[in-house]
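As the structure is a computational prediction, the values presented were derived from the model and not from experiment. Both backbone and side-chain heavy atoms feed into the values below; hydrogens, waters and symmetry mates do not.
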Amino acid sequence: MNKFIYLDSAATMQKSDAVIDAQTHFLREKYANSGRGVCMRVAAVDDMVRDTRRSIAEFINADYRDVIFTSGTTDSFNRIVNILKLKPYTVVAVSDLDHHSARLPFQMAGAKITVCPLDDNMNIDIDNVPYADVFVVTAMSNVLGMPQDVAAIVRAAREKNPDVIVVVDAAQYVVHEKIDVKKWDCDFLAFSGHKIGADTGVGVMYIKNADGYPADKFGGGMVERRIYENDFLFMRAPEKFEAGTLPLTQICGFGRAVREIQSARPDLNLIKYLYDELLKINRVKILTRRDASMLSFIIDGMHVLDFGAIAGAHNICVRVGNMCASWIHQHLNIDGSIRVSVGPYNTKDDIDSFISVVRGCVK
Ligand code: PMP
């Protein structure tokens, strides 16, 4: 069997020893629930949750209280729809860069969808943003891998409607680029821990001035006190939005992953190298730019699933299909693509092995 080569970090990143060790240590030696317990063990768990939240707040330049733990980007988007209490006449602007998780929650809630066009470079067309009540901005497409100028898009959207609520999908952007929610001036932002090396089951929903919005989930851990009969006073954000027991083990690893990703981002020179090599191969049609954060392509005359099976037989894991981003594929007039993405652990040897598989397919 060939060595296993993982080139699918945009789907989920492999975990470092430091993250795995932090979680194992927490489970073995430090485990308890967070909340109002008074013993030292519980206080230490509270500190761990607070430290992770503080690291994430610094990571995206948010206020501490505006960082809310969710189970991931998809969960965050579904919750944002509930928090905003969408009406059927709410106009939600989207773009063809969207992942299904960013657009479908709004669409299925019955919002009036308007599509913001892309420019010639397949970026959100800042000169032609439509009027919207809510603007969904995919900060980096999980197929094309180009960072969008979120601050400029927000400014353009506010020129059309000063009250627009801007919701940013940062699931891919967060892996490669520094986020600054204050500079961007967005209202909501979401990303998942597992794409930056944390475990699955934990993510972030940033809400600008979170205390100004009503809670969307109710239960333990978010009640300040019972005032009278059925009258309750809820805690301030972030707890107000975190009913129920948090994914504590994952939050423990998340703190470690946030610190690690800032010092070891994926080496995008590997993508440039792959780009240059694939350009030389007949029948390969590259869909992404050389400076993108991932490389997507198709092979003329070959179904992407067939290619995926052949790569898999060589023990190489890449993503094939529509990547849960059917709109961009429709925009490009194709059913699906092959996506290569790298993590901090990939090497040039990994890319060379992949290139020889592609060469073998076009012989
Ligand atoms: N948005 C984008 C751009 C993504 O790449 C993904 C993950 N493929 C998601 C949203 C959804 O993330 P999750 O499945 O972790 O909720």
Side-chain angles (χ1 to χ4, degrees), residues 2-20 59 73 97 99 138-148 169-179 191-200 256-281 284-299 304 307-308 310-312 314-321 323-325 328 336-359 361:
N2 297 338
K3 178 187 150 218
F4 175 62
I5 296 175
Y6 188 72
L7 293 170
D8 197 15
S9 295
T12 193
M13 196 177 267
Q14 297 293 327
K15 313 309 168 202
S16 70
D17 285 345
V19 168
I20 295 168
F59 182 47
T73 311
L97 299 183
H99 187 276
T138 295
M140 179 181 284
S141 147
N142 64 318
V143 179
L144 300 181
M146 288 306 290
Q148 300 301 296
D169 177 353
Q172 295 293 337
Y173 191 102
V174 69
V175 183
H176 303 284
E177 307 272 342
K178 171 83 186 128
I179 291 175
F191 66 92
S192 303
H194 69 96
K195 295 205 197 266
I196 60 164
D199 205 347
T200 51
R256 194 54 71 102
V258 163
R259 288 190 282 281
E260 282 188 347
I261 192 75
Q262 294 176 84
S263 55
R265 302 262 184 193
D267 179 6
L268 296 182
N269 285 321
L270 295 175
I271 295 294
K272 293 188 177 76
Y273 170 64
L274 175 63
Y275 183 98
D276 294 341
E277 292 304 307
L278 289 188
L279 264 190
K280 300 174 193 160
I281 302 178
V284 166
K285 185 162 179 262
I286 302 175
L287 308 171
T288 42
R289 287 169 45 138
R290 188 172 184 272
D291 56 348
S293 302
M294 54 200 79
L295 190 147
S296 298
F297 69 102
I298 53 174
I299 300 177
V304 296
F307 177 84
I310 292 170
H314 285 84
N315 220 7
I316 298 179
C317 183
V318 290
R319 190 120 305 232
V320 292
M323 327 282 166
C324 308
I328 196 65
S337 55
I338 304 157
R339 182 186 69 196
V340 176
S341 54
V342 292
Y345 32 75
N346 286 116
T347 62
K348 182 168 170 290
D349 280 353
D350 297 343
I351 302 294
D352 283 333
S353 303
F354 179 74
I355 292 165
S356 56
V357 170
V358 179
R359 285 216 179 92
C361 285

Considering the options Asp8, Leu295, Ile338, which one meets the side chain to side chain contact (heavy atoms under 4.5 Å, CB included) requirement together with Val318?
-> Ile338
State whether a side-chain donor-acceptor pair under 3.5 Å links Ser9 with Tyr345.
-> yes
Is there a donor-acceptor contact under 3.5 Å from the side chain of Glu277 to the main chain of Tyr275?
-> no
Check: Asn142 side chain, Met323 main-chain N or O, donor-acceptor pair, under 3.5 Å | yes
Where do Ala292 and Met146 come nearest, in terms of heavy atoms and distance?
-> CA-SD, 3.6 Å
Contacts satisfying salt bridge (Lys or Arg N to Asp or Glu O under 4.0 Å) that involve residues 262-272 (not counting sequence neighbours) are none
What's the spacing between Met140 CE and Leu97 CG if we round to 0.5 Å?
-> 11.0 Å
Distance from Ile310 atom CD1 to Ile299 atom CD1, nearest 0.5 Å?
-> 8.0 Å
Would you please say whether a donor-acceptor pair under 3.5 Å links the side chains of Asp352 and Tyr273?
-> yes
For residues Met294 and Ser341, report the shortest heavy-atom separation together with the two atoms involved.
-> CB-CB, 4.2 Å
So how far is it from Ser353 OG to Ile5 CD1, rounded to the nearest 0.5 Å?
-> 3.5 Å
Contacts of Ser293 that satisfy side chain to side chain donor-acceptor pair (under 3.5 Å) - sequence neighbours left out = none
Between the side chain of Thr73 and the main-chain N/O of Ser192, is any donor-acceptor distance below 3.5 Å?
-> yes
What pairs with Ile281 under side chain to side chain contact (heavy atoms under 4.5 Å, CB included), at least two apart in sequence or on another chain?
-> Leu278, Val284, Ile355, Val358, Arg359, Val362
How would you list, by chain and number, every residue that makes a side chain to side chain donor-acceptor pair (under 3.5 Å) with Asp276, sequence neighbours excluded?
-> Arg290
Kindly indicate whether the side chain of Gln172, heavy atoms from C-beta on, has any atom under 4.5 Å from the side chain of His99.
-> no
Atom pair CG (Leu144) and CZ (Arg339), whose distance is rounded to the nearest 0.5 Å | 11.0 Å
Without swapping roles, check the side chain of Ser296 against the backbone of Thr288 for a donor-acceptor pair under 3.5 Å.
-> no
Taking all heavy atoms of Gly308 and all of Val320, pick out the closest pair and write down the distance.
-> CA-CG1, 3.8 Å
Applying ring pair (Phe, Tyr, Trp, His ring centres under 6.0 Å), name anything that partners Phe191, two or more places apart in sequence or on another chain.
-> none
Which value, rounded to the nearest 0.5 Å, describes the distance between Ser356 atom OG and Ile316 atom CD1?
-> 6.5 Å
Of all the heavy-atom pairs spanning Val143 and Ser141, show the shortest one and how long it is.
-> N-OG, 2.9 Å
Got a sec, which residues hit salt bridge (Lys or Arg N to Asp or Glu O under 4.0 Å) with Lys285, two or more places apart in sequence or on another chain?
-> none
Val175 and Pro266, any side-chain heavy atoms less than 4.5 Å apart = yes
Residues that Thr347 engages under side chain to side chain contact (heavy atoms under 4.5 Å, CB included), provided they are two or more places apart = Asp349, Asp350
With sequence neighbours left out, write down each residue that passes side chain to side chain contact (heavy atoms under 4.5 Å, CB included) with Asn2, or none if nothing qualifies.
-> His314, Asn315
Sorted by chain and number, sequence neighbours left out, side chain to side chain contact (heavy atoms under 4.5 Å, CB included) with Ala257 holds for Val19, Ala198
So do the side chains of Val304 and Ile298 get within less than 4.5 Å of each other, counting heavy atoms only?
-> yes
The side chain to side chain donor-acceptor pair (under 3.5 Å) partners of Thr12 (sequence neighbours excluded) come to His194
Is the side chain of Lys195 donor-acceptor paired with the backbone N or O of Gly193 at a distance under 3.5 Å, no angle test?
-> no
Please check if the side chain of Lys348 supplies one atom and the backbone of Leu270 the other of a donor-acceptor pair under 3.5 Å.
-> no
Are Ile179 and Tyr173 close enough that some pair of their side-chain heavy atoms sits under 4.5 Å apart?
-> yes
Taken in chain and number order and not counting sequence neighbours, the residues that satisfy side chain to side chain donor-acceptor pair (under 3.5 Å) with Ser16 are Glu260
Side chain to side chain contact (heavy atoms under 4.5 Å, CB included) evaluation trace for Ile351 with Asn346 | CA-CA 8 Å; Ile351 302 294; Asn346 286 116; 5.8 Å; no
